[in-house]
Structure formats: C-alpha cells, structure tokens
Amino acid sequence: MLSKSDALINALVLTLYYVGVSGADDRREFVTLGVKETRQGSTTRSAQRFGGMTIDGIGYHYTLRYQPGSRPQSFAQQQEQVTMAPSMPPAVTEMPAVPTEPAAEGPDEPEPTIPMRPTSMEPPPDPPVTPPKPTANSTDMMPSPMPTRRPSMRPSTRPSVPPTPSTTRTSIMQPQSFSSKLTNKLKQFIYGSPIKANLILKQSGAPKPKGKGFLSLFEVIKFPNTKCSVSMGDIRIVEGVCYHEFECKSLGGIPTESCAEGVGACCIFVNGCGDVTSQQTVYFESPNYPQAVRESMICVLTINVKKGVQQLRLDFQMFELSRPTNGDCIDDQFIISGHNANFHIPILCGINTGQHVYVHVGDSNESKVYLSVFVRVSSGGRSFNIMVRQIEDELAPDNCLQYFTDGEGIIKSFNYDVAGSIVEDREATYLNNLNYAVCLARSKNVCSIRYITEQLGGDQPDFQLINKDEAENDLVASGQAGAGIFNCPDDFIAINSVRLCGERLNDGTENEDYTMHAVVRDIAAGPIVLPFRTDAEYVGRGFRLVYRQELCV
C-alpha cells in the first residue's frame, strides 16, 4: 500500500508533469489539488472540468488542475464550497463528539483517523461505527457531507474572521489525517519557490511551449572557458578565463568585462601567500600589493598542474626584491621548485620587472609547483606581481629558461636595471652560478638575427661581463670587448657559437675596433639559442641586447 507521503508526492509529480506538457490551446487552465479518501466498493464522484485530470490512487482520490495567477486562498474557498455541496458522499469514518468550542477560539477541530487499505487482495470489512456520545452539540456531529462549519453560520454578533490555513487545510491539499508539517512543506514547495514565479504567477496570456515539460522553464547556456584579456589603463593588459559571473565568484575569481558575446565575464584570479590554485592563469601578488612589504616573511603559492600541461610561463609584471650581494641573493630569494629535476632554474632577486621564465613540468614527479619568496630582513621594501600560465601548446624549446617569439625585442640579464620604484638604488649586477639558455623563435623567411647594445649612459657600463685570472687580473682590458674562450672562460654570452664578454659588445666581424660597440649577427642555421653562463667569483652589470630578425636576401 502506498504511504500517505508517497501518495501525496505522486500527486505532486503528476501535477507538475501535467503543467509542463499541457497544450496552449486550453485557455481555462487552473490548479485544484483535491485529495479525498476512497474505499473499496464506494462510489467516487469528482467534479471534472474541461482541461483537467483525475488520478485514482490506492486509498485516495486526486483532482489535479492548473491555472496561472491563482492563489492558495482562492483554491481553499473553491474547494470548501465543493466540499459543502450536498452531492458529495458522506465521510466513511464518523468522528466522536467533542465539546462545543468557545467563541473566542478558532474553528479548528480534531483530525479524524482514516482507515488504510490492507495489502491483501480481499476486501476489508467495513469499520465499526461508534455512536457519538450525547452532548449538547450532538446534532453537529451527525453524519454530514463534511464536519467543517461555514463562517457564515456564526452568530451575527461575532465579527467575521477571514479564513486561515487551519480552517481550509482539509480541503486544499489533503484529507484531515495528513500531518500539518507535510502540508506546510508541500504548500511552500508549490507556492513559495521558483515554481511559483514560473507557474502560478505566470500571466495567462503569455505563450507556453509545448511538449518540453520542466526543461522549458530553464535555459542552460554553455560556452567554452577560453582565454580572455582586460585592459587596465593604457599599458597593462590582464589575462583571465571566460566564466559565467556566478561561476567566477564561486571559484574565487574577480569578474570583469563581458565575454562569450555578453554571456560570460572575463574572470581574473589573484592569489597570495599560502594559496593553492589550479587555474590556467593566475596572478601571484605580494601582501597588500602594490604597497611595499617591509617585514620578514615566507610566502608560498602552490600550483596544481593540470593534466596535459607541459610548461608554466611566469611573467614578472612587477618584481622588486632586495639586491644581490656580490652576485648572491642573501636578503631576499625567489625560488621555484617541483619542476623537472634535470632543468635548473636560478634563485632570483633584485629588479626583474618585465622578465619572464619558463618552467618545464612535463616530466616532473609530482603535479605541483611551488613559488616561494623568502624575505630574511625587515629593512627596505619589496613587491611582486607574477602572472602564471599553464600552457599545453606553443611551448618553448626544451631546456630554454627564456623564449622570445617576436621578430624583435630586448633581451637582458636578471637584475640589469639600475633604477627601481621600491628597491633602494644600488649597483646592478648579474647573479652568480648562472647556466641557462635564451631561445628565439625563428620567423618565416629569416636567415639572420642582428644584435646591438644601446648607449644608455650612467655610471655603469651598458655591457659588462667580468673574467679574471688566478691573480685577479682582468682577462679583457677595461673598456674593450672580449671574444673567444681565452678571453671569456667563465662569464659569457654566446652568439653565433662565439663567447662574448668584456665591456663592449663586438665579435670583430663587422668592426675590428674592440673599444667600440658593433653589430653582432647570428647566421647559424637551426634553433636560435644564446647560452649565458657565470661562475661564483666576479660579477658585472650584465647585458642588454636589442635584437631584430632579418629576412633572407
């Protein structure tokens, strides 16, 4: 036998299905949920109207209808009028007499019990009828269409009270034996939820789709989560991922300009110390960025590498840590760990705004990369904003720390810049123990790459890579260019497979005056690679090369 709650739920499901699939031709749609007890052998009559539907359950009888714009109170009044009609059959179970209620109390009466139909196939015997006890109000308890009393039958001296849910609950949704808790939940589900806005409050003149059921009430909009960008002022461009605004906020992002034809928003992800992220593009910022940090700290960002990602690209939008001391990062350190074991990434510090590095993670043991900033002293200021992107295609060549894809640009060593916005002005030097490769993507129909050093001026040389012998004598005279393995054994940058060092950029090919800067061309076939190497002995300013790819003649 169906339980009371199961029977009521079945009625609700059928009601909602009927609302979804009914056609638009029936203009007299209305909702009437009537539940009446039935018993075997009794004749059940129901008031059917055009467009309605009747469902017979085991032990219960349901009348389900749909009408936009109706209210529960109107349903209660209509159903009560039908209940009081003389054509309705008498109730099966007679109720015991109760004392007459005082006039000050409400008209609620005790709920009768309804016999349930047994599971056996044989018809159950009729329940015994208990005669009511003689009371002063025994005439009210005689068998009648329903034991409810109309407000109109009250004495004229009592002011009329508007009907309350307690007086009409037996005629709105269910028989009196149903619990009020279940009734309230069902009313709230139908009349106090999004279904109310879409079904009951729907205007009768609005068109209704045919044959879609509940799917017609919701629109599911899907779009790819592609890359997007937002202009922040005239210079800076911030990259993000196109998400729905709600999804962006739920993921911890910041929705900005619209994307996906106005459906989504370009979502920017900003992370700080102690965060863990798996987003494709994030910004790793120092505390209170862009304000300077002036205290000791350990700041770590954990990046969960997505499946299929081969490399990470880190772009230093803002990177100012304390300067190195004689080429060593002592006060501040930026360390990358968790990448491929055979790929060395140097510890960085100083001013590196505008630089970038690639982190190879395709063959790493774990799918996590850690970006760590260690600030050991509280003096001075430092600040950083690093854009981290997980990339699957358009990769840098293997073992390239830096990779330039444009046909022209600037390549410079780490901590080359003298002036900074936060870090105190100190002598700019490259770092000790460097050994990495700078790679360039060869453009179409390119046969050579041209390198020059611009004259920036200032107290430090524009190009300076220091080499000394065991007696600490310079292997290249001051103010001159060095080339080859004998002049540049320890600190050098190689162009066209030739080591270059000293205080001038000149390989002697186009100008034999080594006291002058000269154009250096790389005409070698194959990949364009510039190895850079230093030892732990002496450091200089470093290099800043302006390159341009030249077409084949």
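We're numbering straight along the sequence, starting at 1.
We find the CG-CG distance between Leu505 and Asp462 to be 10.5 Å, quoted to the nearest 0.5 Å. Separating the CD1 atom in Ile449 from the CD1 atom in Ile528 is a distance of 3.0 Å, to the nearest 0.5 Å. Remark: Asn487 CG to Asp474 CG distance equals 11.5 Å, nearest 0.5 Å. Expressed to the nearest 0.5 Å, how far CD1 of Ile336 lies from CG of Leu314 amounts to 5.0 Å. Taken from NE2 in His244 to CG in Asn225, the straight-line distance is 12.0 Å, to the nearest 0.5 Å. With values rounded to the nearest 0.5 angstrom, Asn326 atom CG is found 8.0 Å from Asn432 atom CG.
Scanning for salt bridge (charged side-chain N to carboxylate O under 4.0 Å, His left out) contacts around Lys227 gives an empty result, with sequence neighbours left out. Residues that satisfy the side-chain hydrogen bond (donor to acceptor under 3.5 Å, both in side chains) test with Arg544, not counting sequence neighbours, are Glu454. The salt bridge (charged side-chain N to carboxylate O under 4.0 Å, His left out) test applied to Glu392 returns no partner, not counting sequence neighbours. Partners of Arg382 according to the side-chain hydrogen bond (donor to acceptor under 3.5 Å, both in side chains) rule, which considers only residues two or more places apart in sequence or in another chain, are Ser322, Asp332.
Sequence neighbours left out, the pairs with a member in residues 505-553 that pass disulfide (SG to SG under 2.5 Å) are Cys447-Cys552. Residue pairs meeting the ring pair (Phe, Tyr, Trp, His ring centres under 6.0 Å) criterion with at least one member in residues 364-390, sequence neighbours excluded, are Phe284-Phe384. Applying the disulfide (SG to SG under 2.5 Å) definition to pairs two or more places apart or across chains, those involving residues 355-427 are Cys400-Cys439. Within the structure, disulfide (SG to SG under 2.5 Å) contacts touching residues 484-534 (residues at least two apart or in different chains) are Cys488-Cys501. Sequence neighbours left out, the pairs with a member in residues 281-344 that pass disulfide (SG to SG under 2.5 Å) are Cys273-Cys299, Cys329-Cys349.
Counting only heavy atoms from C-beta outward, the side chains of Val418 and Arg541 approach each other to under 4.5 Å. Lys368 is not listed as a side-chain neighbour of Ile303, based on a closest heavy-atom distance of 4.5 Å or more. Residues Val375 and Val293 form no side-chain contact, since every pair of their non-hydrogen atoms from C-beta on lies 4.5 Å or further apart. Put simply, the side chain of Val529 reaches to within 4.5 Å of the side chain of Pro531, judged on heavy atoms. Between Thr353 and Glu320, some side-chain heavy-atom pair lies under the 4.5 Å cut-off. The closest side-chain heavy-atom distance from Phe492 to Phe532 is not below 4.5 Å. Val446 has its side chain within reach of Leu551: a pair of non-hydrogen atoms, C-beta onward, lies under 4.5 Å apart. Counting only heavy atoms from C-beta outward, the side chains of Tyr451 and Leu530 approach each other to under 4.5 Å.
With Cys267, the cysteine Cys242 has an SG gap of 2.5 Å or longer.
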Under 3.5 Å donor-acceptor pairs involving side-chain atoms of residues 337-345, not counting sequence neighbours:
residue, atom, partner, partner atom, Å
His339, NE2, Phe343, O, 3.0
Asn340, OD1, Asp363, N, 3.2
Asn340, OD1, Ser364, N, 3.0

Cut-off 3.5 Å, no hydrogens considered: what does the side-chain donor-acceptor table look like for residues 250-265, sequence neighbours left out?
residue, atom, partner, partner atom, Å
Ser250, OG, Phe246, O, 3.4
Ser250, OG, Glu247, O, 2.7
Thr256, OG1, Cys266, O, 2.6

Side-chain polar contacts of residues 518-526 - donor-acceptor pairs under 3.5 angstrom, sequence neighbours left out - could you list them?
residue, atom, partner, partner atom, Å
Arg521, NE, Glu550, OE1, 3.0
Arg521, NH1, Glu510, OE1, 3.3
Arg521, NH1, Glu510, OE2, 2.2
Arg521, NH2, Glu550, OE2, 3.2
Asp522, OD1, Ala524, N, 3.1

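Side-chain polar atoms of Tyr430 and Asp491 form a donor-acceptor pair below 3.5 angstrom. Thr277 and Asp275 share no side-chain donor-acceptor pair at under 3.5 Å. With hydrogens and angles left out, the side-chain atoms of Arg376 and Gln333 include a donor and acceptor closer than 3.5 Å. Checked by atom type, the side-chain pair Gln549/Ser443 shows a donor-acceptor distance below 3.5 Å.
Of all heavy-atom pairs between Tyr547 and Ile410, the closest is CE2-N, 3.8 Å. Nearest heavy atoms, Ser383 versus Ile422: CB-CD1, 3.3 Å. Contact record, Ile268 with Glu239: CD1-O, 3.5 Å, taken as the closest heavy-atom pair. Nearest approach of Glu503 to Ser478, heavy atoms of both residues: OE1-OG, 3.6 Å. Nearest heavy-atom pair across Arg323 and Glu427 is CD-O, 4.4 Å. Scanning both residues, Ala437 and Asn399, for their nearest heavy atoms gives CB-O, 4.0 Å.
Side-chain atoms of Asp315 never come within 3.5 Å of backbone atoms of Gln317 as a donor-acceptor pair (strictly under, hydrogens ignored). Proximity of a side-chain donor or acceptor of Asp417 to a complementary backbone N or O of Ala419 within less than 3.5 Å is not detected. A distance-only check finds a donor-acceptor pair linking the side chain of His356 to the backbone of Tyr403 [under 3.5 Å]. Side-chain N or O atoms of Arg504 include one that pairs as donor or acceptor with a backbone N or O of Thr515 at under 3.5 Å. Using a distance-only test at 3.5 Å, with no hydrogens or angles considered, no donor-acceptor pair links the side chain of Arg533 to the main chain of Asn435. Between the side chain of Thr534 and the backbone N or O of Asn433 there is at least one donor-acceptor pair closer than 3.5 Å. Here the side chain of Asp331 pairs no donor or acceptor atom with the backbone of Val377 at under 3.5 angstrom.
Residues Phe319 and Phe334 place their aromatic rings such that the two centres sit under 6.0 Å apart.
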Task: Trace of the salt bridge (charged side-chain N to carboxylate O under 4.0 Å, His left out) decision for Lys468 with Glu537 - done: CA-CA 9 Å; Lys468 295 180 179 292; Glu537 294 294 331; over 6 Å; no
Open item on the list: side-chain hydrogen bond (donor to acceptor under 3.5 Å, both in side chains) for Gln279 and Gln390? Distances and angles first, verdict last.
Closed with: CA-CA 8 Å; Gln279 294 298 324; Gln390 303 191 31; over 6 Å; no
Open item on the list: Using side chain to side chain contact (heavy atoms under 4.5 Å, CB included), reason through Ile495 and Leu500 one step at a time and then give a plain yes or no.
Closed with: CA-CA 7 Å; Ile495 299 177; Leu500 302 177; 4.0 Å; yes
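Each of Gln310, Gln402, Arg313 was scored for a side-chain hydrogen bond (donor to acceptor under 3.5 Å, both in side chains) with Tyr358, with one residue passing: Arg313.
The aromatic rings of Tyr436 and Phe414 sit tilted, their planes meeting at an angle between 30° and 60°.
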